[in-house]
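In what follows, chains are A, B, ... by sequence order, proteins preceding strands, each numbered from 1.
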Amino acid sequence: MMEFATHAWNALPAWTQLTVFSLVKIVAILVPLILSVAYLTFAERKIISYMQVRIGPNRVGPRGWLQPIADVGKLLFKEVIVPAKANQFLFVMAPLLALAPAFVAWAVIPFTDTLVLANIDASLLFILALTSMAVYGVIIAGWASNSKYAFLGSMRSAAQIVAYEIAMGFALVGVLMAAGSLNLREIALHQAGGLHQWYVWPLFPLALVYFIAGVAETNRAPFDVAEGESEIVAGFHVEYSGMGFALFFLAEYANMILISTLAAIMFFGGWLSPLPPAWIPSVPVIGALLGDGVHWLLFKISALLFCFLWFRATFPRYRYDQIMRLGWKVFIPVTLVWIALMGATMFLTPWGFIFH
Amino acid sequence: MSREAGRRERPTKGSRVAEIRNYTMNFGPQHPAAHGVLRLVLELDGEVIQRIDPHVGLLHRATEKLAESKPYNQSIGYMDRLDYVSMMCNEHAYVRAIEKLAGIEAPIRAQYIRTMFDEITRILNHLLWLGARALDIGAMTVFLYAFREREDLFDCYEAVSGARMHATYYRPGGVYRDLPDAMPKYQPSKWHDAKDVARLNSNREGSLLDFIWDFTERFPGYVDEYETLLTDNRIWKQRTVGIGVIAPERALALGYSGPMLRGSGVEWDLRKKQPYAMYDRVDFDIPVGVNGDCYDRYLVRVEEMRQSNRIVRQCVEWLRRNPGPVMVDNHKIAPPRREEMKADMEALIHHFKLFTEGYCLPEGEVYAAVEAPKGEFGIYMVSDGANKPYRVKIRAPGFAHLASLDEMAKGHMIADLVAMIGSQDIVFGEVDR
């Protein structure tokens with residue numbers, strides 16, 4: 001039987017084998033991703049609950065662990081309502097346009113030194129291109145809904161994402177200057193050697209701007225004016241119900257995880273251990289735990305995601321024009337100054353090694 | 001060439017398109033920041049508000065008319081439901097109007113109890129306001145913190161009246177009954193074992209006064225917690241400082257009262273200017289704002305919570321030392337004790353008369369107001385000598401405040417509108433009556 005299977009596999013043309021392999025890999029990335037999104041919503045509700053001296057969901061399943069499954073079940077079976085006079089085609093397309101870039105970007109994320117779906121040279125550019133695509137989903141959703149609230153939300157969102165895209169891009173320029181590469185795997189590998197080698201230290205202002213811009217990009221509190229619950233109710237997705245809403249939700253949380261992953265890779269050494277290699281004992285289990293590995297990446301992602309949730313529980317919401325001011329008048333100048341400083345240091349002074 | 005022609009045509013065509021008119025948007029009555037059922041028709045230029053048209057009346061329950069068709073005492077419960085977050089203060093205005101017309105005065109202990117519960121109510125109201133306001137601006141944690149404290153205060157309500165919100169505790173001639181010597185306690189359940197319950201009950205072992213005292217010991221620390229989250233928060237300040245400014249003259253002209261008026265810098269508080277109950281015997285300060293913006297109104301209310309805490313403590317101290325009657329002895333107004341009714345024919349008749357016909361008040365008119373948490377809450381009552389009022393007019397502070405929303409919000413953005421509605425502390429129970 002086994003022999004037959006191998007035989008049949010070898011009989012397939014090479015391109016089919018490649019396609020099947022890639023599909024399996026994609027599923028292997030996306031299924032855990034979707035599951036983490038589901039459980040990120042659960043983690044959010046639980047963590048914020050404990051911050052707010054309450055318990056949070058604890059009814060579905062043991063200690064509420066089946067809550068996300070129940071939520072998905074509910075959303076799946078809800079009616080999808082297309083508002084009267086809405087542009088039906090765009091209305092249905094918008095959630096997909098929001099979701100697709102959030103998923104596709106994972107193609108180039110290196111989970112460890114070798115574990116990456118597509119190790120392309122300009123993966124950072126690829127990511128930048130895709131994250132800017134996400135804004136279309138939001139704009140189209142707001143426009144196609146034929147609702148003033150949704151339209152206001154999408155206008156806010158468009159302006160906000162464009163502003164923060166620039167700050168984010170500049171922050172990444174600093175990273176690629178330091179690493180001399182646009183490849184995420186190489187950027188991470190440049191930070192090898194322990195905690196003190198991470199880019200978060202020499203590029204601290206950029207790391208800060210990147211993370212805050214990331215919060216703004218994903219429309220999370222305190223920058224959630226695009227869906228500002230108490231102002232424009234739910235903003236761009238106010239008219240969506242059932243799966244349409246679920247896809248926006250999925251995209252938002254997938255983006256959160258993506259932003260945290262990128263921050264972990266570019267500023268916190270990705271899958272690399274914070275300990276210098278010399279300190280790691282060659283004991284079987286402890287050595288593997290302390291050494292490099294995907295668990296470090298997961299840990300760093302979780303820590304950054306926790307910050308997202310923490311912000312949400314703590315801060316009031318910015319006003320739309322204040323967000324713009326912060327983006328254009330604070331973040332972009334900060335990144336520009338730091339990039340100029342970096343460039344000058346690297347090429348004109350002997351202290352360029354600070355930035356590698 | 002044809003291109004050129006097209007270009008030349010454009011100005012006439014374009015000018016028609018470029019003529020951007022303001023657009024109207026409906027805000028509420030189903031809106032998370034509408035604080036109930038406020039409906040606003042907004043005229044917007046982009047996100048900037050040009051004009052606001054508030055539509056009220058969606059929660060109109062004809063309280064005034066209902067009060068005119070019932071014996072006096074049976075309307076006390078309606079007062080709770082007017083401003084349903086400052087229940088006992090509303091009752092206070094109503095029973096004061098009746099007492100004024102009947103020419104009776106409640107015993108001093110009852111007056112102290114009323115003062116204490118007025119202030120507990122003020123804390124209740126300001127806590128809800130603070131939570132809802134922070135939630136409007138996006139800080140959701142304060143809301144749940146505020147509700148944690150409200151829970152304790154509702155327990156006080158429950159201990160004296162049996163109801164957690166709509167107490168009907170104040171009666172003409174005093175209060176329904178004296179403060180209880182024991183607090184209701186938690187029982188072990190599936191969710192709380194004996195150890196948990198012991199912890200929950202630790203401050204409920206003594207009397208209600210001990211429980212309130214324990215609360216007042218903890219409360220200033222809680223207020224510090226809220227202030228840590230908000231007062232110096234840059235985002236909070238950016239969202240509230242300089243937003244919705246009302247000058248003192250305008251505030252007076254618009255009929256403001258309460259924290260809204262004091263936030264604009266007018267030093268006016270009925271508890272100081274026209275003392276009622278025991279407010280002339282307790283020591284407290286009234287905070288006054290400077291700029292009249294949302295931030296000042298926030299600071300005023302937060303400080304009022306601290307001052308209320310101070311008043312409650314003084315009342316608890318007095319009430320501990322001075323037992324006494326809490327209801328007048330006049331059985332034409334106050335029902336006799338059930339024990340007396342068993343033996344005394346007279347008492348039985350009084351009871352029957354009171355609970356069927358009620359009592360008649362002398363002809364005349366009266367206005368009684370209290371400093372409710374939201375401002376001056378007044379009852380104007382006309383009696384024609386019958387057992388029910390001829391006319392009751394309720395003066396709700398929120399109505400005057402809401403009426404000024406257009407003036408306040410002109411030129412601000414939608415997000416500021418939410419902040420302003422929040423700073424007005426509107427409750428539709430009293431606005432729509």
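Expressed to the nearest 0.5 Å, how far CE of B:M140 lies from CD1 of A:I48 amounts to 4.0 Å. Note that CZ of A:F315 and CD1 of B:I235 are 5.5 Å apart. Values are rounded to the nearest 0.5 Å. Between the CZ atom of A:R156 and the CD atom of B:E47 there is a distance of 4.0 Å, given to the nearest 0.5 Å.
By the 6.0 Å contact criterion, NZ on B:K185 is enclosed, its count of non-hydrogen atoms from other residues, nucleotides or ligands being greater than 12. More than 12 heavy atoms of other residues, nucleotides or ligands lie within 6.0 Å of OH in B:Y145, so this atom counts as buried by the packing criterion. Surrounding OH of A:Y136 are at most 12 heavy atoms belonging to other residues, nucleotides or ligands under 6.0 Å away. By the 6.0 Å contact criterion, CD on A:Q88 is open, its count of non-hydrogen atoms from other residues, nucleotides or ligands being 12 or less. The environment of A:I55 atom CD1 is sparse: at most 12 non-hydrogen atoms of other residues, nucleotides or ligands sit within 6.0 angstrom. Surrounding CZ of B:R234 are at most 12 heavy atoms belonging to other residues, nucleotides or ligands under 6.0 Å away. Residue A:R63 places its CZ atom among 12 or fewer non-hydrogen atoms of other residues, nucleotides or ligands, all under 6.0 Å distant.
In this structure, chain B has a heavy atom under 4.5 Å from the side chain of A:Y320, while its backbone stays farther away. For a residue to count as touching a neighbouring chain, one of its non-hydrogen atoms must lie under 4.5 Å from one of that chain's; by this rule B:I243 touches chain A with the side chain only. Only the side chain of B:M413 comes within less than 4.5 Å of a heavy atom of chain A; its backbone N, CA, C and O stay farther away.
A donor-acceptor pair is defined here as one N or O able to donate and one able to accept, closer than 3.5 Å; such a pair exists between the side chain of A:Q322 and the backbone of B:Q238. In this structure a side-chain-to-backbone donor-acceptor pair under 3.5 Å is present from B:R239 to A:R317. The backbone N or O of B:Y23 sits nowhere less than 3.5 Å from a side-chain atom of A:K148 that would complete a donor-acceptor pair.
Residues A:Y149 and B:F27 approach most closely at OH-CA, 3.3 Å, considering heavy atoms. B:T141 and A:M51 get closest at one heavy-atom pair: CG2-O, 4.1 Å. For the pair A:T314 and B:A139, the tightest heavy-atom approach, listed with the atom from each and the gap, is O-CB, 4.2 Å.
Seen from the ring of B:W236, A:R319 does not count as a face-on cation partner, given the 6.0 Å and 45° thresholds.
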